[in-house]
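Each chain gets a letter, A, B and so on, in the order the sequences are listed, and its residues count up from 1. Below, all heavy atoms of this structure are taken into account, side chains as well, without hydrogens, waters or symmetry copies.
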Amino acid sequence: MTDPSQTPSFAFPRTARLTCKGDFDFVFAKASRVADRYFTVLSRHQPQVDDARVGLVVSKKAAKRAVDRNRLKRLVRESFRQHRSSIGVRDFVVLPRPAAKQASNNELANSLANLWRRAMTTRTC
RNA sequence: GAAGUCGGCCAGACAGUCGCCGCGCGAUCGGAAACGGUUGCGGGGAGGAAAGUCCGGGCUCCGCAAGGGAUGAGUGCCAGGUAACACCUGGGGGGCGUGAGCCUACGGAAAGUGCAACAGAGAGCAGACCGCCACAUGCUGGCAACAGCAUGCGGUAAGGGUGAAAGGGUGCGGUAAGAGCGCACCGCGCAGAUGGCAACAUACUGCGGCUAGGUAAACCCCACUCGGAGCAAGACCAAAUAGGGGAGCGUACGGCGGGCCCUUACGCCGCUCCCGGGUAGGUUGCUUGAGGCCUGCGGUGACGCAUGCCCUAGAGGAAUGACUGUCCACGACAGAACCCGGCUUAUCGGCCGACUUCGCCU
């Protein structure tokens, strides 16, 4: 229907995810950090890939029940999927905080939209 | 109609948009192929508990001759079902409920050891505190028989009192008062008979005057069962780096070694190739199974047998989602991680069937 070069892609292939331990270690080693009361977002510029990638770390401390952990992961992935094309080429690691499990989907989506924007403008030293 | 009991079922619905993970078919690119990448279409994608990890198995590796014993752990009325069980079904005993029904670790206390706070006179070969009764002595009253009181010595487990529990119960006889002391009935124990596969039952027969209290989720005894660890099990492929083994080449130069020195020879250090172990990583195990559904047959039932049909998640930092709209009874507990059979716990509501009690109508 519309020109694919103009519509941003909302796809979320496996290549856009941090899959192995090394990827996570790379971000943790030297990350810039933004946070609010629901999430902490670590990010680092990754020169070896072309696209933004994301990884999730949801501890049992943040959400005790498996159902809550799944919900948080899904919401983060969904938000990342929608913002992926506009937040630069970086690796992100998102850590939900304990307050997140009580918040509504809408609140969390707004929170993440802000965090992506802030993470993009910070510079990695 | 109201209250209740038991069993079974459902787990918001529909539409659109954007995504994620397998599968099938096709297109295309790479490749000899196997297969892999990209892409289109079709179809599938959490639970009744997926949970707790409390039991029972399958599967895998380790150990192990068969078998027996010890230790430890578990199970505990009987019969059946099952791959197996601590589960299920049926039956028996006991308890609760007007009832439908529900609950029940329910073997052994006449093998042994232990325990029982407080209270109480006494708590296990019982026990006289009050009481009751006889006798003796004294005092008082009385003509006397005798009565009352006190003390002493006995008898007595019927009554009071204590306790969770006081050593069968009721009645009659009996007695100084009492007592299974005697009798009847009930209870209890033992033996037999009868019924039942059995647990067990009996309004049956005989014996025993009652001895043999409770506690075994106290030790214990008896019977039966049990090897250990778990999918991060295990199997396969396999970089980089370091190291191991073998073969060949070079021994040109140099160094090291057998320790008094020298020479020759030999070995090592070098290079090339091969081999096995193994880390990261990848593949597999991974979903077709004690499988589900329908019908029929056997069985009181759990369940079994037969025919037919169906294939119904398989991720891997971990998919099964998000948003919008409409509707309603306004949506609980909660998320697969090798797989099954159970148990237990959590849970908004709703539907269906069978049954019970009460009320009303005919």
Roughly how many Å is it from [atom1] in [X] to [atom2] in [N], rounded to a whole number?
X: A/N105; N: B/U324; atom1: CG; atom2: C1'; value: 14 Å
X: A/L75; N: B/A319; atom1: CG; atom2: P; value: 13 Å
X: A/R77; N: B/G19; atom1: CZ; atom2: C1'; value: 11 Å
X: A/Q82; N: B/U324; atom1: CD; atom2: P; value: 11 Å
X: A/F26; N: B/A280; atom1: CZ; atom2: P; value: 23 Å

In Å and rounded to the nearest 0.5 Å, what is the [atom1] to [atom2] distance from [X] to [Y]?
X: A/S111; Y: A/R37; atom1: OG; atom2: CZ; value: 9.5 Å
X: A/R44; Y: A/F28; atom1: CZ; atom2: CZ; value: 12.5 Å
X: A/H45; Y: A/D91; atom1: NE2; atom2: CG; value: 9.5 Å
X: A/R65; Y: A/R71; atom1: CZ; atom2: CZ; value: 9.5 Å
X: A/D68; Y: A/Q102; atom1: CG; atom2: CD; value: 8.5 Å
X: A/F92; Y: A/R84; atom1: CZ; atom2: CZ; value: 11.5 Å

Beyond-backbone contact of [X] with [Y], side-chain heavy atoms, under 4.5 angstrom:
X: A/V93; Y: A/V57; answer: yes
X: A/F39; Y: A/R97; answer: no
X: A/L18; Y: A/V54; answer: no

When you check the glycosidic angle of [N], does it come out syn, meaning within 90° of 0, or anti?
N: B/G48; answer: syn
N: B/A70; answer: anti
N: B/G22; answer: syn
N: B/U89; answer: anti
N: B/U344; answer: anti

Rounded to whole angstrom, note down the [atom1] distance from [N] over to [M].
N: B/U60; M: B/A290; atom1: P; result: 13 Å
N: B/G178; M: B/G173; atom1: C1'; result: 14 Å
N: B/G72; M: B/C343; atom1: P; result: 33 Å
N: B/G335; M: B/G48; atom1: C1'; result: 13 Å
N: B/A332; M: B/C303; atom1: P; result: 34 Å
N: B/G314; M: B/U17; atom1: P; result: 25 Å
N: B/G22; M: B/U283; atom1: P; result: 11 Å
N: B/C338; M: B/G234; atom1: P; result: 14 Å

Would you mind pulling out the nucleotide paired to [N], Watson-Crick or G-U wobble, both distances under 3.5 Å?
N: B/C6; value: B/G353
N: B/U39; value: B/G26
N: B/G331; value: B/C328
N: B/G304; value: B/C297
N: B/A51; value: B/U344
N: B/C149; value: B/G138
N: B/G99; value: none
N: B/U113; value: B/A218

How far apart are the closest heavy atoms of [X] and [Y], and which atoms are they?
X: A/S79; Y: A/A113; value: OG-N, 4.4 Å
X: A/F80; Y: A/A16; value: CE2-O, 3.9 Å
X: A/A100; Y: A/L72; value: CB-CD2, 3.8 Å
X: A/A119; Y: A/V41; value: CB-CG1, 4.5 Å

Report task. Would you mind classifying the nucleic acid contact of A/R69 as base, sugar-phosphate or nothing, using non-hydrogen atoms under 4.0 angstrom? Result -> nothing
Query raised in the report: The side chain of A/R81 lies closest to which of these nucleotides: B/A322, B/C18, B/A318?
Result: B/C18
Query raised in the report: Between A/W116 and A/H83, what is the ring plane arrangement, given parallel below 30°, perpendicular above 60°, and tilted in between?
Result: tilted
Scan nucleotides 333-335 of chain B against the protein and return all N/O pairs shorter than 3.5 Å with their distances rounded to 0.1 Å.
residue : atom : partner : partner atom : Å
B/A334  : OP2  : A/R65   : NH1          : 2.6
B/G335  : OP2  : A/A66   : N            : 3.4
B/G335  : OP2  : A/V67   : N            : 3.4
B/G335  : O2'  : A/N70   : ND2          : 3.4
B/G335  : N7   : A/N70   : ND2          : 3.2
B/G335  : O6   : A/R74   : NH1          : 3.0

Query raised in the report: Within less than 4.0 Å of OP1 or OP2 of B/C18, is there a side-chain N or O belonging to A/R84?
Result: no
Between the protein and nucleotides 314-317 of chain B, which nitrogen or oxygen pairs are less than 3.5 angstrom apart?
residue : atom : partner : partner atom : Å
B/G316  : OP1  : A/R14   : NE           : 3.2
B/G316  : OP1  : A/R14   : NH2          : 2.9

Query raised in the report: Near RNA chain B, which residues from residues 106-116 of chain A have a heavy atom under 4.0 Å away?
Result: none
